[in-house]
Amino acid sequence: MLLTMVLAAGCATLPPPAATPDAREPDEHVEKDPLLSEAGVAHVVVPEAFFTASTPDENIDSPASWRTPQGQRWLIGTAKATHRLVIYDGDTGKTLRTVSGPGTALGRMQRPNGISVIDDLVLVVERDNQRVQVFQLPDFKPLLVFGAADLRQPYGLWVRRQAGGYEVIVSDNYMSAQDEDVPPPLAELGQRFKRYALQREGKGWQARLTGAFGDTGEAGAIRIAESVFGDVAHDRLLLSEEDVATGTRLREYGMDGRYRGRDIGASLFKAQAEGMALFTCADGSGYWIATDQFKDRSLFHVFDRVTLAHRGAFAGKRTANTDGVWLDQSVDARFPQGVFYAVDDDQAVAAFDWRDIAKALSLEGCGAR
């Protein structure tokens, strides 16, 4: 674990502090918080399996999970306010430890947001360091940081395996140069998502920018960009459009970064489209789960993986104001069909047993169609 060092200030006159970045997200500038209780959206209620401890001072944003070599499920949450990772037991919610702390050096972080785990790597987006940091499990050894020369206001990421390493797609939610609360003109949105190749280099790692994409048309542009998730088997990227003014929804792009002219959930999302997850079956079937971020209770829409047809929606008994989500399909005695994690109101993570979700929405299991 990385330990925070505290330096005592001397008596010399100090220069005025630098301007503090706006702690609000671009999608938080709304006149009235949307409420599920007022939205009239049909849904079922699925009880949460557990909650982690509520820690409002952490400002938990996004979760991810990993199996240790000993079989323990770790749940890892990004804590924006304390600039660190919080590690929980993924089967009970018990807090195990914390990692990192504020700073710019390798191993330190500034406002971590999106997170992804793949193989034995943890990738974390740092909004205020304008970069992505890579840690190696199980020791959370910091390996490298990348993207600071290219990213302006990064939030989310999605990672997939490629020959010799990984491709990392990072959302870059840069705003108007004239007004940080307003998206830039459409013509400037062609760099909304950055692509990186992450590969081993000798005994270490390297990452290089390989391209950027973003539609600049009225129909396909992403004005407020955070969540991105992909489905390689169906050559599909889903991008959350969080701009309420133009209509929050999911937009379908191809893996090539081109808008396919199709939106998902345009009439379904009433608050803000947020985190996404994908339940996959070996035969190509499965389900997308996408968050509608109501302030009082979050709504989770479920779509068919192949057709993107809406299969229904569920909410927990308490889980609210969700940013990031994560689906873990690994199985054990506690969660025999996997577990879905969702951040609860910036202060905890809720767990949902996949069996409960599937039963409530009559979802078929893999091989049952």
Side-chain angles (χ1 to χ4, degrees), residues 36-37 39 41-52 60 62-67 73 75 77 88-93 117 227 229 231 234 238 240 250 264-265 268-294 296-345 348-369:
L36 180 59
S37 60
V41 181
H43 64 279
V44 297
V45 175
V46 177
E48 294 88 349
F50 67 75
F51 290 91
T52 65
I60 302 296
S62 296
S65 64
W66 184 71
R67 283 281 189 181
R73 195 194 310 263
L75 174 62
Y88 313 93
D89 185 307
D91 282 345
T92 68
V117 171
S227 298
F229 210 97
D231 183 356
H234 295 283
L238 290 189
S240 292
L250 308 180
I264 299 92
L268 295 172
F269 290 93
K270 304 297 183 183
Q272 285 175 336
E274 274 278 355
M276 294 175 287
L278 181 62
F279 184 96
T280 63
C281 296
D283 64 358
S285 64
Y287 306 98
W288 284 93
I289 305 176
T291 307
D292 202 359
Q293 191 187 38
F294 288 99
D296 55 343
R297 277 192 308 137
S298 298
L299 191 67
F300 304 102
H301 289 287
V302 179
F303 301 91
D304 185 89
R305 180 187 182 187
V306 179
T307 67
L308 299 180
H310 192 238
R311 294 296 303 268
F314 71 94
K317 288 188 172 181
R318 188 189 94 185
T319 306
N321 195 31
T322 298
D323 284 309
V325 300
W326 184 264
L327 179 64
D328 185 341
Q329 288 187 242
S330 68
V331 301
D332 58 15
R334 179 65 183 89
F335 295 114
Q337 294 181 19
V339 54
F340 174 68
Y341 296 110
V343 168
D344 174 41
D345 204 19
V349 182
F352 294 85
D353 192 318
W354 181 257
R355 294 174 298 176
D356 295 335
I357 297 171
K359 180 179 179 181
L361 293 176
S362 300
L363 303 177
E364 300 89 350
C366 291
R369 299 188 180 196

For this session: May I ask you to say whether Asp332 pairs ionically with Arg67, meaning some side-chain N is under 4.0 Å from a carboxylate O?
Result: yes
Problem set entry | Test item: Asp328 side-chain N/O and Val339 main-chain N/O as donor-acceptor pair under 3.5 Å | no
For this session: Check whether any side-chain N or O of Thr307 sits under 3.5 Å from a backbone N or O of Ala309 as a donor-acceptor pair, and report yes or no.
Result: yes
For this session: Check the side chains of Gln293 and Asp323 for a donor-acceptor pair under 3.5 angstrom, ignoring hydrogens and angles.
Result: yes
Exercise. Quick one: does Glu48's side chain have a donor or acceptor within less than 3.5 Å of a partner on Thr319's backbone?
Worked result: yes
For this session: Give every residue pair that meets the ring pair (Phe, Tyr, Trp, His ring centres under 6.0 Å) criterion with at least one member in residues 322-345, sequence neighbours excluded.
Result: Phe300-Phe340
Exercise. Does the pair Asp231/Arg305 count as a salt bridge with the N-to-O cut at 4.0 Å?
Worked result: yes
Exercise. Taking the side chain from Arg297 and the backbone from Ser37, do they hold a donor-acceptor pair closer than 3.5 Å?
Worked result: no
Exercise. Which pair of heavy atoms, one from Met276 and one from Phe229, lies closest together, and at what distance?
Worked result: O-CD1, 3.6 Å
Problem set entry | Option among Thr322, Asn321, Leu36 that satisfies the side-chain contact (heavy atoms from CB on, under 4.5 Å) test with Phe294 | Leu36
Problem set entry | N/O donor-acceptor pair under 3.5 Å between Gln272 side chain and Asp292 backbone | no
Problem set entry | Val325 vs Ile289, side chain to side chain contact (heavy atoms under 4.5 Å, CB included): CA-CA, chis, key distance, verdict | CA-CA 9 Å; Val325 300; Ile289 305 176; 5.9 Å; no
For this session: Say whether, by atom type as modelled, one donor and one acceptor occur between the side chain of His234 and the main chain of Gly284 under 3.5 angstrom.
Result: yes
